[in-house]
Each structure stands twice: as C-alpha cells, then as structure tokens.
There are 2 protein chains.
Amino acid sequence: MSSALESASPVAEAEAAVDQRVTDLIRDAIIRGEYVPNQRLVEADLGDVFSASRATVRIALLQLAAEGLVERLPHRGSRVRAISLEEAIEILEVRIGVEGLCAAKTAASISDEDAEALGRLRSQLIESVAEGDLVEYARLNRYLDVRVRELSNHATASDVLARLHAQSVRHQFKLSSRPQRAKISVLEHAAIIDAVVARDPAAAEQAVRSHLLSVIDALRSLSTSEPGAPADS
Amino acid sequence: MSSALESASPVAEAEAAVDQRVTDLIRDAIIRGEYVPNQRLVEADLGDVFSASRATVRIALLQLAAEGLVERLPHRGSRVRAISLEEAIEILEVRIGVEGLCAAKTAASISDEDAEALGRLRSQLIESVAEGDLVEYARLNRYLDVRVRELSNHATASDVLARLHAQSVRHQFKLSSRPQRAKISVLEHAAIIDAVVARDPAAAEQAVRSHLLSVIDALRSLSTSEPGAPADS
DNA sequence: GGCACCCATTTTGTCTACAATCTTAGAACC
DNA sequence: GGTTCTAAGATTGTAGACAAAATGGGTGCC
C-alpha cells in the first residue's frame, strides 16, 4: 500500500510548511503587534484582508491557536491571546530548563568555526550596547537565541522554544527597550557565550539559568513600578 | 467594539475544546496504537469512518500535526508520525527540565492533604510492582505524572508536557511492559514523591532528573539489545 | 424603572463541489 | 530492454453555500 510515502525521510519537519501563506501572514501581524491582544479576529474579515477563503483563514487560526498565539472560544470566535505577566513568567521558567539544555548541548558539541562566530557575536553585542543602539542589540539578541538553538541540534527543544518565544514577544519587547536593562543583560549574554565557547556544558546551563532568572526579576519589578496597564486596545 | 469578548477570563485554555470530537477520536486512535506509525491517513477515508465531512477531518489532522502526532506532506497527505529513538530521547531530555520545574513547584506549594494523597499513591505504586501487575503500575504511573503537573499549577509547563507525552506514548509503553524495568523505576518514582512530600524543591527536581536520565539509559540499551525493528506495519 | 422574553443580526461550524497537484501505469520511442 | 513522455486516477487545497449557535436590541409585562 502506497509506496511513495513509505520511503520519505523522517527528517523534513521544517519544509512541510509550504502553502501556509495566510498562517504566516497572520502570525507575523500578531507578532509585529499589528493585531493587539484581545483584538477579535473574524474569519470573514481576515479572508477579505488576505484575499483567501474563510476555510483557509479558519485553518490558519486553528494553527495559531495551537501555537498559543490565538484564543478560540467555541461559537464565539478568535482573538489575539493576551499573555499576562504571570504567563510570561511561566514561559520564562520553562525556558530555563529547555534553553539550558540547548546551551549545554551546544557547549558539548560546538565546532571551532561556530565558536569563533559566537565570539564575534559577543563583541558585536557589547558594542551595540555601548553605542546605545537598542534596536541593533535586540536584533543580535534574537540572533543569539536562534543560533544557540540551531547549534544545539535539538529539534524537539527548538520546537518548544519557538512556540514559547512567539508567545512572549510582547513582554520581551517591553524589557529590551530599556537602556538600563540592556547593560545588565549584555553581561549575562556574554557569560553564556563564554561558557559555550569554553565548551563547559554545566556552566552554559547555569549561565542561561542566571540570565533568565534575572529577566524574570526584571519583568516583575517592571510591572510593579508601572502598575497594570491592561488597556491595549 | 465587541463587549462580550472583552471580559472573558484568560484562564479557559482547556474548555475551548468542545466540538473537537473528531480530533479527539483520531488522537485517541493514534495513541492507542490503532493507527500505527507511518500509516497513511487519507482525509476522505477518515471522514467516512467517523462520519464527518472532509473539512472537519482536515482540520483535525492539522490540529494533530501541530501537536506532533501527525506528519503532513504538502499535496501528499498525512500519516502517523513515527517517533524515532533519537526523538524519544530528545523528548525525555526536554522533559527533564520541564518536569523538574513542575516537581520543584509542587514541592514548594503542596498542601497537607495532597501530600498525604501522594503518600498513598506511593504505597500503591510499590504494591502494584510487588504483585507484578504491570498494567496497574503503568496506570498509577500516568496518574502520578498528571498529578504532579496539576499540583504544580503551572499551565505553560503542563501544556508543553502534555504535548510531549502524547508523542512518546509508544516508546514509554515498550519500557513499562518490562518487569525488570518496573522494579528500578518504582524506586525512582518513590524518590520523587518523597522529595515532593518533604517539600524540598531542589531534591524533587534532582529526583526527576535522575529518573528521566535512567529512562533514557533504559531506552538506549533496549534498542541496542533488540536492534531496529522499524516494521510497524 | 427593571426584568424576562423573543427576534434579527452576526459569526462560527459543517458540508458539498470544483481546481490544483502529485502519483502511477502504460505506450511510444531510442 | 530501458527510458521518457503522456494521460488517467487518486488525493489534497480552495471556494462558496447552508445550518447552528450566540449576541444584541427591542418589546411587552410586572
């Protein structure tokens, strides 16, 4: 029965997303903040905007709901999921374990060239903060995260992290736009890179842990200093 | 704009699944092993079996693909995803971090009654193994996992774990059906319960780690002793 | 004035039909 | 005999239409 499928490799994983044009467009719009938390996402409207049928949009929304970006209420529609501070902290707590694993794996297996590249990235990070270029710093930060995931060669962890990351983009953003915060976090990032380049898995895991715990603290104090501004719409 | 949705609580999460009848049926069938890995899942056929339209089945398959239970190849259909040994180990590695977190959280906040209940569960586990009732032992085991997740009160971690668990059911099953293995793992489980009941987060996290590392070892040696039997169909 | 009920509107959930794509088998050709 | 092209079959992707559910406003009643 069906000879063609039998022989396909179990590697694929990523390329499977081909026609998910609409899904990607909506996801990007949410992540970019074009659609704000709690905003309603009416299937017909979105189909109109992206010139796709309702069936396509519907599938996209279900997909995004599975990713945790969208909330669906039966017979009542979809809306952009609002990630509360508590949830954001939960996400960071989970990331401690998973990113720690990635960092450890990377430290254990990194190649010489990749290690060198990370070293350069380290310099760039420090430089961007010194120049006060927070946008560039945020970009390099994201790149570091992605790179460590890739280098860990851990598909499962990468999947989990990608999902978690997408959900908490908004909260991350609030933090990374603070110059004060950048000066602290850049040191922590440098420490992570140092441990990885030194090929010390335990130290890398610990460095990630320290960093994320620090982020949690920062989020907490940020929220107490400027009390709940839940009105996003 | 839209007053009804604005006030909905961000808790829901679970009850959102109402009409997912078909999704649940297919998921159960896969987890129970009714549909074996690599088996093709043709939308029209499934619609016939579950007396639903293709559109409904299609959505169910996309949902399951997002959960990692089903693999979709564009224009070529869906099939039950085969979790390789490497992937199963990856999943366990991730679980170390996340379940460790849950255990630590639970240990830090467990109530007296819940602690007592866990103590009783501990006795039942030991008893079931002593009597050689592996089916009962497996059931209790699942319950322990679920319970620790619940008690941790950590929605994000629970979500991640639920997803990972569903994927690796098959491999878990292979292990838990070995009497030899049960005798080892029951001690580890008892250690986890002890640490949680003693309200020692660090010890609980460590006990989980030890246990899962031991499972990884067991899986590895199991696969070397009975070399690749990839023919599931 | 407030409360319960009912109906119109909006939006989702489901089904059927059509188009696009891929696979497979067979025939023509070298 | 083997290879390439072509066409038929099977299966997925998309669109549009209908049915079901929930919301919101309005009317009647107390």
Side-chain angles (χ1 to χ4, degrees), chain A residues 1-9 12-27 30 35 38-66 69-81 233, chain B residues 1-9 12-27 30 35 38-66 69-81 233:
Chain A
M1 55 164 88
S2 71
S3 58
L5 274 175
E6 302 304 321
S7 61
S9 81
E13 267 314 333
E15 53 145 337
V18 170
D19 72 308
Q20 299 188 336
R21 194 174 54 85
V22 177
T23 307
D24 293 339
L25 288 174
I26 299 179
R27 187 193 296 109
I30 293 176
Y35 296 137
N38 286 326
Q39 180 169 345
R40 287 196 61 186
L41 301 172
V42 177
E43 298 179 357
D45 295 357
L46 290 175
D48 208 35
V49 171
F50 298 109
S51 49
S53 91
R54 244 196 69 214
T56 307
V57 172
R58 185 178 177 72
I59 286 178
L61 288 175
L62 282 161
Q63 205 77 13
L64 295 173
L69 283 177
V70 163
E71 194 173 13
R72 282 181 72 75
L73 303 166
H75 291 280
R76 291 174 55 186
S78 313
R79 55 178 189 179
V80 180
R81 196 159 89 91
S233 65
Chain B
M1 56 164 88
S2 73
S3 58
L5 274 175
E6 302 306 321
S7 61
S9 81
E13 262 323 324
E15 52 146 338
V18 171
D19 73 307
Q20 298 188 336
R21 194 174 55 84
V22 177
T23 308
D24 293 339
L25 288 174
I26 300 179
R27 186 194 296 109
I30 293 175
Y35 296 137
N38 285 327
Q39 180 169 343
R40 287 197 60 186
L41 300 172
V42 177
E43 298 178 356
D45 295 356
L46 290 175
D48 209 35
V49 171
F50 298 108
S51 49
S53 90
R54 246 197 64 214
T56 307
V57 173
R58 183 178 178 71
I59 285 181
L61 288 176
L62 282 160
Q63 206 76 11
L64 295 174
L69 283 178
V70 163
E71 192 174 14
R72 283 180 70 77
L73 304 166
H75 290 281
R76 291 175 53 187
S78 314
R79 54 179 189 179
V80 180
R81 195 158 89 91
S233 62

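All chains are named by letter (A, B, ...) in the order of the sequence lines, taking the proteins before the strands, and each is independently numbered beginning at 1.
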For [N] and [X] - does any side-chain N or O of the residue sit under 4.0 Å from the phosphate oxygens OP1/OP2?
X        : N       : answer
Ser53(A) : dT14(D) : no
Arg21(A) : dT14(D) : no
Arg40(B) : dA10(D) : no
Thr56(A) : dG13(D) : no
Arg58(A) : dG13(C) : yes

Would a 4.5 Å heavy-atom cut-off, applied to side chains only, mark [X] and [Y] as touching?
X        : Y        : value
Tyr35(B) : Leu46(B) : yes
Arg58(A) : Leu61(A) : no
Ile59(B) : Ile59(A) : yes
Leu64(B) : Ile26(B) : yes

Nearest-Å distance for atom pair [atom1]/[atom2], residues [X] and [N]:
X        : N       : atom1 : atom2 : answer
Arg54(B) : dA20(C) : CZ    : C1'   : 12 Å
Leu73(A) : dT11(C) : CG    : P     : 15 Å
Ile59(B) : dT14(D) : CD1   : C1'   : 13 Å
Leu62(A) : dG13(C) : CG    : C1'   : 11 Å
Asp48(A) : dA15(D) : CG    : C1'   : 14 Å
Phe50(B) : dT14(C) : CZ    : P     : 15 Å
Leu61(B) : dG13(D) : CG    : C1'   : 13 Å
His75(B) : dT12(D) : NE2   : P     : 11 Å

Notebook entry, point to check: Considering the options Leu41(B), Leu62(B), Val80(B), which one meets the side chain to side chain contact (heavy atoms under 4.5 Å, CB included) requirement together with Val70(B)?
Noted result: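 Testing Val70(B) for a side chain to side chain contact (heavy atoms under 4.5 Å, CB included) against Leu41(B), Leu62(B), Val80(B) leaves exactly one candidate, Leu41(B).
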Next item on the list: Could you tell me whether Leu41(B) contacts a base, only the sugar-phosphate backbone, or nothing, with contacts defined as non-hydrogen atoms closer than 4.0 Å?
Entry: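 Touches sugar-phosphate only.
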Note to self: I want to verify a distance call: between dA22(D), dT11(D), dG13(D), whose nearest atom is closest to the Val42(B) side chain?
What the structure shows: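 Of the candidates, dT11(D) comes closest.
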Item checked: dG13(C) base / Arg76(A) side chain donor-acceptor hit below 3.5 Å -> no
Notebook entry, point to check: When you match Ala55(B) and Glu43(B) each to their closest nucleotide on DNA chain D, which lands nearer the 5' end?
Noted result: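 Looking at DNA chain D, the more 5' nearest nucleotide goes with Glu43(B).
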